[in-house]
Amino acid sequence: MSDSIAKPVSAWRCFGGQVKRFRHRSDVLDCDMTFGVFLPPQAESHPVPALWWLSGLTCTDENFMHKAGAQRLAAQLGLAIVCPDTSPRGTDLPGEHDDWDFGSGAGFYLNATQAPWSQHYQMYDYVTRELPALAEAILPLDGRKSVSGHSMGGHGALVCALREPELWHSVSAFSPICHPSDCPWGIKAFSHYLGEDRNDWAQWDATHLISKLPPERQLPLLIDQGTDDEFLGDQLKPATLEQTCIAHHHPHEINLREGYDHSYYFVASFIDEHLRHHAEALDLIA
């Protein structure tokens, strides 16, 4: 592997496989980026499919690897996990680091159109185009991909699967921001990244995208949501998404988990069900 493509940062043995981190120069984001990957033991003998995990506000590429406890089952299934970062890094745009829910750590997995954000904040193209091409060039990945995520990353996973379902075998999400055009987090981010015309927001909103997707392009949605999530009422809006799925006959499973909150304790409690969901779609289990 050429260091000009990606530089290894660290590596740890884990359940017979490896957790690795890499740093590379992103042309799409015009900055240096870091990503993490878990390679199961099967990857030592042949290429394997990958679950792409998109993390939430304030997170980096490391949160899922450290907190979700996914490696044990992923090793048994022969499933790689790739974790991108959540925003461009090191760009130091005006106001980029002022708020925890916008800018640094809060890229929202969209392609910004407004200056100064449009120079760097092209996270959709990064996680669907540039980084998959890089990862598949340097790692034993076979090109089969599924996508999942948490909170802002759950929004990102849904948007990726609804915009271009042909890129993915399956999709799931934990506590996703389901209707960002109509919640404080989304309105704040979309106004800055995309401008004030709400017509431009619809292509980055899962609830709107469902209403435009023809039946032959639908991927079933698997969503888990805690009932004690402090952001459930005003930010996440899964009921709005569910109503839209029903109205447009989009296959979906939304599990309300009694007593669970928005934390990685919640993600860790149900990550195995999501891994098996993706493994089945990737033909790793019958």
Side-chain angles (χ1 to χ4, degrees), residues 15 17 36-43 45-55 64-65 68-84 109 124 127-129 131-133 135-136 139-151 153-176 178 206 209-210 213-225 238 241-242 244-246 248-255 257 266-286:
F15 294 108
V37 60
F38 171 69
L39 293 173
Q42 295 86 341
S45 60
H46 58 81
V48 296
L51 174 64
W52 285 72
W53 176 269
L54 307 183
S55 290
F64 181 84
M65 289 295 185
Q71 292 92 337
R72 182 191 297 272
L73 182 56
Q76 297 173 12
L77 294 169
L79 179 64
I81 302 171
V82 183
C83 296
Y109 304 101
Y124 181 81
V127 300
T128 63
R129 298 290 189 274
L131 189 55
E136 290 167 14
L139 297 169
L141 304 178
D142 67 13
R144 291 178 291 164
K145 302 190 297 294
S146 292
V147 63
S148 187
H150 173 235
S151 193
H155 143 77
L158 295 176
V159 166
C160 287
L162 292 167
R163 282 174 61 96
E164 297 184 276
E166 61 275 7
L167 296 181
W168 313 97
H169 282 67
S170 53
V171 57
S172 73
F174 289 83
S175 314
C178 295
L209 288 168
I210 285 170
L213 197 65
E216 65 272 14
R217 300 184 70 224
Q218 292 175 342
L219 280 179
L221 309 183
L222 171 63
I223 295 173
D224 273 80
Q225 172 64 60
L241 180 76
E242 183 171 31
T244 305
C245 285
I246 292 170
H248 294 275
H249 308 288
H250 193 114
H252 65 284
E253 177 183 339
I254 299 179
N255 301 308
R257 303 296 188 176
F266 167 54
V267 174
S269 298
F270 299 101
I271 190 62
D272 283 4
E273 285 90 332
H274 285 242
L275 294 178
R276 291 189 179 97
H277 166 77
H278 295 296
E280 183 175 355
L282 292 162
D283 295 325
L284 294 175
I285 55 176

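- Between V159 and Y109 there is no side-chain heavy-atom pair separated by less than 4.5 Å.
- When atom types are taken as modelled, the side chain of H278 and the backbone of E273 share no donor-acceptor pair closer than 3.5 angstrom.
- Annotation: side chain of W52 is not in contact with side chain of L167 (no heavy-atom distance under 4.5 Å).
- By the 4.5 Å heavy-atom criterion applied to side chains, P176 and I223 are counted as neighbours.
- The CG atom of L209 sits 9.5 Å away from atom CG of L158, with the distance rounded to the nearest 0.5 Å.
- Counting heavy atoms from C-beta outward, Q71 and I81 have side chains that stay 4.5 Å or more apart.
- For the pair P84/L54, a side-chain contact is recorded, criterion being any heavy-atom separation below 4.5 Å from C-beta on.
- A heavy-atom distance below 4.5 Å is not found between the side chains of E242 and Q225.
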For the pair R144 and D283, evaluate side-chain contact (heavy atoms from CB on, under 4.5 Å) and give the outcome as yes or no after the intermediate values.
CA-CA 10 Å; R144 291 178 291 164; D283 295 325; 4.1 Å; yes
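- Applying side chain to side chain contact (heavy atoms under 4.5 Å, CB included) to L222 and the options S172, S148, P251 leaves one that passes, S172.
- Here the straight-line distance linking atom OG of S170 with atom CD of E280 works out to 9.5 Å at 0.5 Å rounding.
- Between Q42 and A75, the shortest heavy-atom distance links the atoms NE2-O, 3.0 Å.
- Taking 4.5 Å as the limit, every side-chain heavy atom of N255 sits out of range of all side-chain heavy atoms of F270.
- In R129, the CZ atom is crowded: over 12 heavy atoms of neighbouring residues, nucleotides or ligands sit closer than 6.0 Å.
- A distance-only check finds no donor-acceptor pair linking the side chain of H250 to the backbone of H248 [under 3.5 Å].
- Atom SG of C160 and atom CG of L219 lie 11.5 Å apart (nearest 0.5 Å).
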Would S55 and H150 count as a side-chain contact (heavy atoms from CB on, under 4.5 Å) if you check the C-alpha gap in whole Å, the side-chain angles of each, and the deciding distance to 0.1 Å?
CA-CA 5 Å; S55 290; H150 173 235; over 6 Å; no
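- Shortest non-hydrogen contact noted between L162 and L213 is O-CD1, 3.5 Å.
- F266 has its ring centre less than 6.0 Å from the ring centre of F174.
- Here the straight-line distance linking atom CD of Q76 with atom CG of L275 works out to 10.5 Å at 0.5 Å rounding.
- Closest heavy-atom contact between R217 and E164: NH2-CA, 4.1 Å.
- Scanning both residues, V37 and M65, for their nearest heavy atoms gives C-CE, 3.3 Å.
- Residues P220 and V171 approach most closely at O-CG1, 3.5 Å, considering heavy atoms.
- Side chains of L39 and L141 form a contact here, defined as non-hydrogen atoms less than 4.5 Å apart.
- What you find for A70 and I271 is that their closest heavy atoms are CB-CG1, 4.0 Å.
- Note that CD1 of I285 and CG of L77 are 6.0 Å apart. Values are rounded to the nearest 0.5 Å.
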